[in-house]
Amino acid sequence: MNMQAPRGTQDLLPGTTESWQYVERKLNDICHRFNYKEIRTPIFEHTELFQRGVGDTTDIVQREMYTFKDRGDRNLTLRPEGTASVVRAFVQNKLFGLPNQPTKVFYFGPMFRYERPQQGRMRQFVQFGVEALGSADPAIDAEVISLAMSCYQELGLRSLKLVINSLGDTESRENHRKALINHFEPHKDELCSDCQVRLDKNPLRILDCKKDRDHPAMQSAPSILDYLNEDSGQYFNKVRHYLDEMGINYIVDKNLVRGLDYYNHTAFEIMSDAEGFGAITTLSGGGRYNGLVEDLGGPETPGIGFALSVERLLMALEAEGINLPTEDVVDCYIIALGEESVTEAVRLTYKLRKAGLQVDKDYQDKKFKAQFKTADRLNTKYVIVLGENELEKNVVNVKDMHSGEQQEVGINELENYLLNELQGGK
RNA sequence: GCGAUCGUGGCGAAGGGGUUAACGCACCGGAUUGUGAUUCCGGCAUACGUGGGUUCAAUUCCCAUCGGUCGCCCCA
């Protein structure tokens with residue numbers, strides 16, 4: 001029997017889960033301030049949802065999905081991303097009918113993609129994302145981008161690069177697409193094999209090909225920004241204007257193309273500049289997806305969102321040497337000697353815990369000295385010694401591990417004594 | 001899907017055809033009765049990823065396989 005976790009998955013153990021909890025709390029707090037509410041959707045969906053939502057030509061759908069049949073012969077897939085599910089839930093639950101549009105939601109949970117694992121890329125990984133459905137106001141594009149940036153900034157990250165672009169509306173994209181085909185067709189033989197395929201299927205993707213980056217035709221390729229029609233151009237300008245007003249720095253990269261089919265208008269990515277961050281630099285990405293809700297059977301509804309990888313967020317924190325303020329201390333540790341004392345210790349431990357204190361005791365039948373050592377290693381604030389002598393007098397010895405001072409306290413007063421001490425100590 | 005590299009005890013790590021397979025960390029016990037550090041002494045372990053092959057002999061050489069890590073592709 002193979003007792004290892006499947007390839008590309010990992011256990012998060014005590015010692016690191018504290019960081020995850022801290023980050024999750026921070027992201028929750030940010031969403032609260034931006035007034036985004038949490039949505040929780042299933043971890044698997046009908047395969048068709050992703051085929052239609054993410055796009056049949058994408059790498060995700062073509063080679064990365066965890067797809068299986070259940071006992072009822074249904075075709076299901078572990079979700080490779082969050083947007084399709086959120087949109088499905090939006091349509092199915094008719095959230096578009098609720099007052100107070102747009103619908104602003106966030107999610108946090110595991111996603112699955114069948115890939116070769118490496119630094120910053122797991123088969124199961126955790127994404128946090130937000131979606132705003134029902135508004136075509138460029139101000140909400142700016143809001144989503146500012147929320148995304150806040151997630152990193154408020155955790156202390158500095159080496160960030162925000163890249164934005166506009167893919168335009170359908171008309172702009174179509175005109176640009178034709179221009180791209182005209183431009184690259186004469187050079188088709190000189191392009192890499194991938195790009196030769198892209199030329200037919202999705203010429204936009206040629207622009208972010210790394211192999212053909214230095215090809216002269218690449219430099220002179222028609223920019224989407226030159227093909228934006230008036231509406232699209234104005235939309236993009238407004239998004240930029242709002243970002244400027246918020247004091248958010250960005251770089252416009254006309255070659256920024258997102259990998260999923262559903263994007264249009266605003267597209268953006270946040271990357272890390274940090275030294276030693278590894279080969280993968282994209283921390284998060286997002287964009288506008290007007291038309292997706294309709295594609296999935298809902299009413300015409302504009303939408304925009306983004307998603308970030310929590311693993312990569314934590315990597316970025318490490319790369320910048322940022323330690324999250326996680327606490328690892330114990331309020332008190334009870335040391336008992338002798339059978340009767342142990343019984344009393346069991347009772348006391350429970351009583352103090354119910355009073356709100358973080359309490360632990362020995363369960364390894366350790367010697368007195370070893371118990372003290374354990375208490376020390378747990379960063380215990382107060383050690384309570386309870387032996388035959390103390391039990392007889394109905395007291396305990398409370399030792400302040402920081403100062404080293406020791407005091408005799410009546411067992412019945414212990415709870416109040418500790419609560420007092422700990423309150424004063426903080 | 002392609003490529004590189006690595007698999008020795010709980011962890012780190014040396015070795016290199018025949019060894020009791022070092023060493024360090026961790027852990028446990030002790031150094032006068034019930035007080036945390038350091039030091040000293042002692043203890044500890046089904047450890048050479050798995051399966052074949054070569055050999056009198058393989059942890060060491062060869063092949064395969066599995067797994068880890070990193071990179072390409074692509075992405076978060």
Side-chain angles (χ1 to χ4, degrees), chain A residues 1-10 13 54 57-64 79-83 108-129 148 151-152 192-195 197-198 202 205 208-211 256-260 268-272 276 278-287 305-316 333 335-338 341 364-391 396-406:
Chain A
M1 183 174 180
N2 185 359
M3 294 301 285
Q4 281 186 26
R7 166 170 262 188
T9 67
Q10 61 180 340
L13 305 174
V54 179
T57 67
T58 60
D59 270 27
I60 289 181
V61 169
Q62 284 191 337
R63 50 192 272 237
E64 295 180 354
R79 61 183 185 191
E81 58 103 50
T83 302
F108 186 103
M111 304 293 165
F112 305 84
R113 291 184 200 173
Y114 189 89
E115 300 188 271
R116 285 294 293 275
Q118 59 175 287
Q119 171 96 283
R121 176 197 282 163
M122 291 281 129
R123 287 184 176 181
Q124 176 177 336
F125 59 104
V126 176
Q127 277 192 348
F128 159 83
C151 294
Y152 299 110
C192 74
S193 57
D194 285 337
C195 282
V197 177
R198 288 176 183 139
N202 193 352
R205 296 267 299 277
D208 71 345
C209 176
K210 281 159 193 158
K211 282 184 199 154
L256 174 66
V257 173
R258 312 257 38 250
L260 285 60
F268 69 98
E269 264 182 31
I270 299 170
M271 309 199 256
S272 172
I280 291 172
T281 54
T282 302
L283 295 175
S284 60
F306 93 100
L308 68 79
S309 152
V310 179
E311 284 86 351
R312 289 184 188 180
L313 168 56
L314 290 164
M315 277 171 58
Y333 194 89
I335 296 179
L337 294 160
S341 300
Q364 301 299 118
D365 197 25
K366 284 189 187 170
K367 297 275 160 49
F368 182 80
K369 193 177 177 128
Q371 292 194 45
F372 244 100
K373 212 172 168 181
T374 302
D376 187 41
R377 273 196 305 253
L378 290 173
N379 296 321
T380 303
K381 294 176 190 161
Y382 294 92
V383 166
I384 288 145
V385 176
L386 177 55
E388 309 289 327
N389 306 340
E390 287 84 359
L391 199 58
V396 292
N397 257 302
V398 180
K399 181 167 184 178
D400 181 330
M401 293 294 275
H402 186 65
S403 68
E405 282 166 27
Q406 195 159 294

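Within every chain, numbering begins at 1; the chains are lettered A, B, ... in the order of the sequence lines, protein sequences first and strands thereafter.
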Asker: Select base, sugar-phosphate, or nothing to describe what Leu283(A) touches, counting heavy atoms under 4.0 Å on all strands.
Answerer: sugar-phosphate
Asker: For Ser284(A), is there any backbone N or O sitting under 3.5 Å from a side-chain donor or acceptor partner on Arg312(A)?
Answerer: no
Asker: Rounded to whole angstrom, note down the P distance from rG15(B) over to rC66(B).
Answerer: 29 Å
Asker: Starting from the 5' end of RNA chain B, give me the residue, Glu115(A) or Gly8(A), whose nearest nucleotide shows up first.
Answerer: Gly8(A)
Asker: Of all the nucleotides listed (rC73(B), rC2(B), rC75(B)), which has the minimum atom distance to the side chain of Arg116(A)?
Answerer: rC2(B)
Asker: Spell out yes or no: do the side chain of Arg312(A) and the base of rC75(B) have one donor N/O and one acceptor N/O closer than 3.5 Å?
Answerer: yes
Asker: On a whole-Å scale, what distance lies between the C1' atoms belonging to rG53(B) and rG12(B)?
Answerer: 33 Å
Asker: Taking atom C1' of rC70(B) as reference, at what distance in whole Å does atom CE of Met315(A) sit?
Answerer: 12 Å
Asker: Base, sugar-phosphate alone, or nothing: which one does Gln119(A) contact when heavy atoms must sit under 4.0 Å apart?
Answerer: sugar-phosphate
Asker: When only distance counts, do a donor and an acceptor, one from the side chain of Arg121(A) and one from the base of rC70(B), lie under 3.5 Å apart?
Answerer: no
Asker: For a quick test of reading the model, state the closest non-hydrogen atom pair linking Glu115(A) to Glu64(A) and the distance between them.
Answerer: OE2-OE2, 3.0 Å
Asker: What is the distance, rounded to the nearest whole Å, between atom CD of Glu64(A) and atom C1' of rC75(B)?
Answerer: 7 Å
Asker: In whole Å, what separates the C1' atom of rG51(B) from that of rC56(B)?
Answerer: 23 Å
Asker: Rounding to the closest angstrom, what is the interatomic distance between rA57(B) and rG52(B) at atom P?
Answerer: 15 Å
Asker: Could you tell me whether Met271(A) contacts a base, only the sugar-phosphate backbone, or nothing, with contacts defined as non-hydrogen atoms closer than 4.0 Å?
Answerer: nothing
Asker: For the side chain of Gln4(A), counting heavy atoms from C-beta on, which of rG71(B), rG67(B), rC75(B) is nearest?
Answerer: rG67(B)
Asker: Would you indicate what Glu269(A) reaches in the nucleic acid, counting non-hydrogen atoms under 4.0 angstrom: base, sugar-phosphate, or nothing?
Answerer: nothing
Asker: Please confirm whether Arg63(A) makes a cation-pi placement over Tyr114(A), using NZ or CZ under 6.0 Å from the six-membered ring centre and within 45° of the ring normal.
Answerer: no
Asker: With rounding to the closest Å, how many angstrom separate the P atoms on rC74(B) and rC61(B)?
Answerer: 38 Å
Asker: Strictly by salt bridge (Lys or Arg N to Asp or Glu O under 4.0 Å), give each pair with a member in residues 382-391 of chain A just once, sequence neighbours left out.
Answerer: none
Asker: With rounding to whole Å, what would you report as the distance between rG42(B) and rU60(B) at their C1' atoms?
Answerer: 33 Å
Asker: What string of B, S and - do you get for nucleotides 25-40 of chain B 5' to 3' if you count protein non-hydrogen atoms under 4.0 Å?
Answerer: --SSSS---BBBS---
Asker: In terms of side-chain heavy atoms of Asp59(A), which of rA76(B), rC72(B), rC74(B) is nearest?
Answerer: rC74(B)
Asker: Ignoring backbone atoms, test whether Gln118(A) places a side-chain nitrogen or oxygen under 4.0 Å from the OP1 or OP2 oxygen of rC70(B).
Answerer: no
Asker: Quick check: does any side chain N or O of Thr380(A) sit under 3.5 Å from a backbone N or O of Val383(A), one acting as donor and the other as acceptor?
Answerer: no
Asker: Among Arg377(A), Lys367(A), Lys399(A), which one satisfies side-chain contact (heavy atoms from CB on, under 4.5 Å) with Phe372(A)?
Answerer: Lys399(A)
Asker: Using the P atoms only, state how far rA4(B) lies from rC63(B), rounded to an integer number of Å.
Answerer: 14 Å
Asker: Heavy atoms only: give me the nearest Pro110(A)-Arg79(A) pair and the separation to one decimal.
Answerer: O-NE, 2.8 Å
Asker: Quick one: on RNA chain B, does Met122(A) or Pro6(A) contact a more 5' nucleotide (nearest heavy atom)?
Answerer: Pro6(A)
Asker: Please report the closest heavy-atom contact between Phe268(A) and Gly305(A), naming both atoms and the distance.
Answerer: CE2-O, 4.2 Å
Asker: NA contact type, Arg7(A), heavy-atom cut-off 4.0 Å: base, sugar-phosphate, or nothing?
Answerer: sugar-phosphate
Asker: Give me the distance, rounded to whole Å, that separates rC62(B) from rC27(B) when you measure between the C1' atoms they each carry.
Answerer: 40 Å
